[in-house]
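Step one of this worksheet: look at the structure below.
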Amino acid sequence: MTKNKIAVLLLGILTVICFSVVTTSAQAVYGSVSGTVTDSAGASIPDATVTITSVERQSVDTVTTNSDGFYVKDRLLPGLYTIKVEKQNFKAGLTERVTVNLDAQTKIDATLEAGQVSEVVTILSDGELLKTDRADVATTFSSREVAELPILDRNFTKLILLTPGTQQQLWNHAASENPQGSTQTIVNGQTFSGTGYQLDGTDNRDVILGIIVINPTFDSVGETKITSSNYDAEFGQAIAGVASVQTKSGTNNFRGSVFEYLQRDRFQARNPFSQFAVNSLTGKAIPDTKRDQFGGSIGGPIIKNRLFFFGDYQGTRATQGGSRLLTVPTALARTGNLSEYGDNFVNPTTRLEYTNRTIPACGPGQTAAANGCLSPQALNVLRLLPNPTGPGTVDNFVAAGSETFNNDIFNVRIDSRISDNFNLFGRFSRAKFTLDGPTAFGEGGGPELVSLGGSSKTNNTSLATGFDYSLTPTTVLDVRFGYFNYKVNVLPFDYQTTPATAAGIPGLNFDDFSSGLFAGFVNTGNRDINFGSGLGVN
């Protein structure tokens with residue numbers, strides 16, 4: 001393709017963008033206000049000046065009413081606004097503290113009285129509650145509601161469960177892939193992966209796992225809207241619901257917050273099946289459990305009325321205890337003698353009727369016992385499993401331990417009002433998670449004690465930037481760019497170890513990729529004993 005053809009193509013794309021905006025009402029990161037201006041007799045007032053002022057940023061937008069007295073102002077950041085209507089030979093009408101919500105239109109009508117324009121009449125209005133500009137079914141949460149709802153782990157995705165028609169998925173992604181614990185939610189019966197996540201108007205959903213990338217901190221959420229049906233065409237990737245989040249922007253005043261939440265095991269109840277006795281090593285019935293969440297935010301002006309910043313940070317340092325009641329081989333079984341487990345095990349000298357032959361006796365190097373033969377390799381693997389802590393052949397071992405979880409999340413946002421027609425914003429977010437969990441059998445692996453047997457390190461990033469420029473009173477150019485990276489590094493508990501080689505099993509531990517103990521199980525007739533590392537094991 002020649003340079004001239006490329007230039008023509010780019011020009012064509014820009015032209016389509018410019019002229020398609022005339023008819024679109026998409027405003028995933030904005031809200032809008034509209035209304036009709038009339039006189040006391042109900043007649044429309046054309047060419048009235050409507051001044052819309054942000055309470056927090058003191059930015060000013062001005063529009064005029066058309067021949068029907070109607071006005072509309074799109075692309076307003078969610079927040080509080082003051083609306084003043086002026087027309088010669090009429091008293092000015094002032095409506096204070098008008099709430100503009102994300103992806104919604106607030107209707108504010110004004111009735112002007114005859115008089116001098118220098119006189120101001122305060123108009124009391126809460127905005128029209130009935131939506132007439134769209135047919136979506138949605139639940140909106142303000143910044144205050146998000147901060148004050150009793151969600152102990154401050155997990156944003158759990159807000160979706162407060163929307164009618166939603167329920168939590170019966171299973172979740174493995175903690176190795178989802179260490180941040182994002183909730184998988186079914187919306188109106190549709191698959192969880194069909195829920196779209198938007199952060200400042202850009203995609204925020206991992207395309208492989210179908211879960212949120214940046215789980216917004218509560219301090220950074222300016223407003224969120226969760227739409228369960230009839231959402232706009234701009235959310236075309238979603239088939240279930242859409243969770244749209246607008247992050248906070250700075251204001252004309254410096255404002256900040258600091259918080260810390262503490263949780264401890266001393267306030268938890270025991271598990272009566274696996275925590276019935278005090279651990280002799282720790283002196284506790286419940287393994288060490290604690291969770292500290294802390295952080296803060298700050299925002300304010302860089303240049304009054306023109307340039308603003310906002311930033312926040314949230315850290316988590318958690319230790320979650322867990323215990324399991326499991327089954328391990330008895331001391332006798334570790335020698336190859338399985339007589340304690342009944343007659344379900346084949347005797348080495350038993351004659352197989354369907355082959356008309358007899359199973360050979362134990363081979364060279366194998367340990368002969370009443371009901372089985374064990375090779376040296378099998379004996380070495382069995383030595384990796386702990387000894388029973390209780391009597392019997394089933395449910396004879398109590399495992400206990402603690403899993404550590406650390407995360408650090410921060411967001412930085414800049415908003416600029418370059419001119420009355422030109423607005424610009426940019427945001428960068430990073431979320432780092434480290435999850436490290438023990439296995440029930442230590443070197444022998446086994447099931448995880450809490451959520452993961454091994455370690456998972458995640459480093460997610462998200463960038464959003466964009467601008468809108470009013471070309472004419474009816475044409476706006478809105479450009480937005482988004483980027484995200486969902487990066488998870490998972491390692492099993494026995495990474496870079498060679499237990500199979502040490503046990504005398506060749507061909508398994510020959511590099512880092514194949515390091516560790518293979519996954520398997522010992523069948524005791526009554527219960528399978530999982531060991532090693534692998535899917536379904538830990």
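Note that this is a predicted model, so its numbers are computed, not measured. Heads up: numbering here begins at 1 and tracks the sequence.
- For the atom pair CG (Asp312) and CG (Asn411), the distance works out to 4.5 Å, reported to the nearest 0.5 Å.
- Across every non-hydrogen atom of Ala243 and Ile160, the tightest pair is CB-CD1, 4.2 Å.
- The environment of Gln190 atom CD is dense: over 12 non-hydrogen atoms of other residues, nucleotides or ligands sit within 6.0 angstrom.
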Discussion item. Working note: Val146 + Leu159, criterion side chain to side chain contact (heavy atoms under 4.5 Å, CB included); need CA distance, chi angles, decisive distance, verdict.
Written reply: CA-CA 8 Å; Val146 170; Leu159 287 174; 4.0 Å; yes
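- Residues Asn407 and Ile409 form a side-chain contact, since some pair of their non-hydrogen atoms from C-beta on lies under 4.5 Å apart.
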Worksheet item: Where do Thr251 and Phe308 land on the side chain to side chain contact (heavy atoms under 4.5 Å, CB included) test, with the steps shown first?
Response: CA-CA 6 Å; Thr251 66; Phe308 313 92; 5.6 Å; no
Worksheet entry | Evaluation steps, side chain to side chain contact (heavy atoms under 4.5 Å, CB included), between Tyr197 and Val213 | CA-CA 9 Å; Tyr197 296 98; Val213 175; over 6 Å; no
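- Between the Lys248 side chain and the Asp219 main chain, a donor and an acceptor come within less than 3.5 Å of each other.
- Judged by distance alone, the side chains of Gln314 and Arg154 do bring a donor and an acceptor atom under 3.5 Å apart.
- Using a 4.0 Å cut-off between a side-chain N of Lys or Arg and a carboxylate O of Asp or Glu, Arg324 and Glu448 qualify as a salt bridge.
- When all heavy atoms of Ser220 and Phe310 are compared, the pair lying nearest together is CA-CE2, 4.1 Å.
- Looking at Thr247 and Asp200, their side chains do bring a donor and an acceptor atom within 3.5 Å of each other.
- The shortest distance between side-chain heavy atoms of Thr202 and Arg480 falls below 4.5 Å.
- Looking only at side-chain heavy atoms (C-beta outward), Leu162 and Phe141 come within less than 4.5 Å of each other.
- Between Asn396 and Val328, the closest side-chain pair of non-hydrogen atoms falls below 4.5 Å.
- Thr157 places a side-chain N or O within 3.5 Å of a backbone atom of Thr183 that can act as its donor or acceptor partner.
- Counting heavy atoms from C-beta outward, Asn459 and Arg430 have side chains that approach closer than 4.5 Å.
- Between Phe192 and Trp171, the two ring planes are perpendicular [angle over 60°; tilted spans 30° to 60°].
- In this structure, CD in Glu443 is found 6.5 Å from CG in Leu384, a value given to the nearest 0.5 Å.
- The side-chain heavy atoms of Asn215 and Asn155, taken from C-beta on, include a pair separated by under 4.5 Å.
- For Val221 against Ser143, the heavy-atom pair with the smallest separation is O-OG, 3.3 Å.
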Identify all side-chain donor-acceptor contacts of residues 174-181 below 3.5 Å with residues at least two apart in sequence or on another chain.
unit_1, atom_1, unit_2, atom_2, d
Asn178, OD1, Ser182, N, 3.2
Asn178, ND2, Ser182, O, 3.1
Gln180, NE2, Ile212, O, 3.3

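- In terms of heavy atoms, Gly437 sits closest to Glu403 at CA-CG, 3.7 Å.
- For the residue pair Gln168/Thr185, the side-chain donor-acceptor check at 3.5 Å is not satisfied.
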Worksheet item: Given the rule in the side chain to side chain donor-acceptor pair (under 3.5 Å) test, do Glu340 and Thr330 qualify, once you have shown the distances and angles that lead to the verdict?
Response: CA-CA 9 Å; Glu340 295 173 300; Thr330 63; 2.5 Å; yes
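- With rounding to the nearest 0.5 Å, the separation of CG in Leu491 from NZ in Lys457 is 7.5 Å.
- No donor-acceptor contact under 3.5 angstrom links the side chains of Ser515 and Thr497, judged on distance only.
- Between Thr434 and Ser455 there is no side-chain heavy-atom pair separated by less than 4.5 Å.
- With respect to the salt-bridge test (charged N to carboxylate O, under 4.0 angstrom), the residues Lys432 and Asp408 do not qualify.
- A donor-acceptor pair is defined here as one N or O able to donate and one able to accept, closer than 3.5 Å; such a pair exists between the side chain of Ser142 and the backbone of Glu145.
- Rounding to the nearest 0.5 angstrom, the gap separating the CD atom in Gln320 from the CD atom in Gln263 is 9.0 Å.
- Of all heavy-atom pairs between Ser244 and Thr224, the closest is O-OG1, 3.0 Å.
- Contacts of Ser249 classified as side chain to side chain contact (heavy atoms under 4.5 Å, CB included), with partners at least two apart in sequence or in another chain: Arg57, Leu77, Arg413, Asp415.
- The main-chain N or O of Leu209 is found under 3.5 Å from a side-chain atom of Asp206 such that the two form a donor-acceptor pair.
- Classified by interplanar angle (parallel below 30°, tilted 30° to 60°, perpendicular above 60°), the ring pair Phe259/Tyr261 is tilted.
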Discussion item. For a side chain to side chain donor-acceptor pair (under 3.5 Å) check, start with the C-alpha distance between Thr319 and Ser402, then their side-chain angles and the critical distance, and finish with the verdict.
Written reply: CA-CA 6 Å; Thr319 300; Ser402 298; over 6 Å; no
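- To the nearest 0.5 Å, atoms CD (Gln169) and CD1 (Ile211) are separated by 12.0 Å.
- Between Thr163 and Thr166, the side chains place no donor N or O within less than 3.5 Å of an acceptor N or O (distance only, hydrogens not considered).
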Under 3.5 Å, sequence neighbours excluded: what are the donor-acceptor pairs made by side chains of residues 499-512?
unit_1, atom_1, unit_2, atom_2, d
Asn509, OD1, Ala500, N, 2.9
Asn509, OD1, Thr501, N, 3.1
Asn509, ND2, Ser514, O, 2.9
Asn509, ND2, Gly516, O, 2.9
Asp511, OD1, Phe513, N, 3.2
Asp511, OD1, Ser514, N, 2.9
Asp511, OD1, Ser514, OG, 2.8
Asp512, OD2, Gln496, NE2, 3.2

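- To the nearest 0.5 Å, atoms CG (Asp292) and CG (Leu262) are separated by 5.0 Å.
- For Ser193 against Arg205, the heavy-atom pair with the smallest separation is O-NH1, 2.8 Å.
- With a 4.5 Å cut-off on side-chain heavy atoms, Pro329 and Leu385 count as touching.
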Practice prompt. Under the salt bridge (Lys or Arg N to Asp or Glu O under 4.0 Å) rule, what do Arg291 and Asp153 come out as? Steps first, then yes or no, please.
Written response: CA-CA 9 Å; Arg291 184 181 181 89; Asp153 58 358; 5.3 Å; no
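- Under the 3.5 Å distance criterion, the side-chain polar atoms of Thr106 are matched with a main-chain donor or acceptor of Thr99.
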Item to complete: Could you walk me through whether Tyr313 and Val412 pass the side chain to side chain contact (heavy atoms under 4.5 Å, CB included) test, one step at a time?
Response: CA-CA 9 Å; Tyr313 163 80; Val412 177; over 6 Å; no
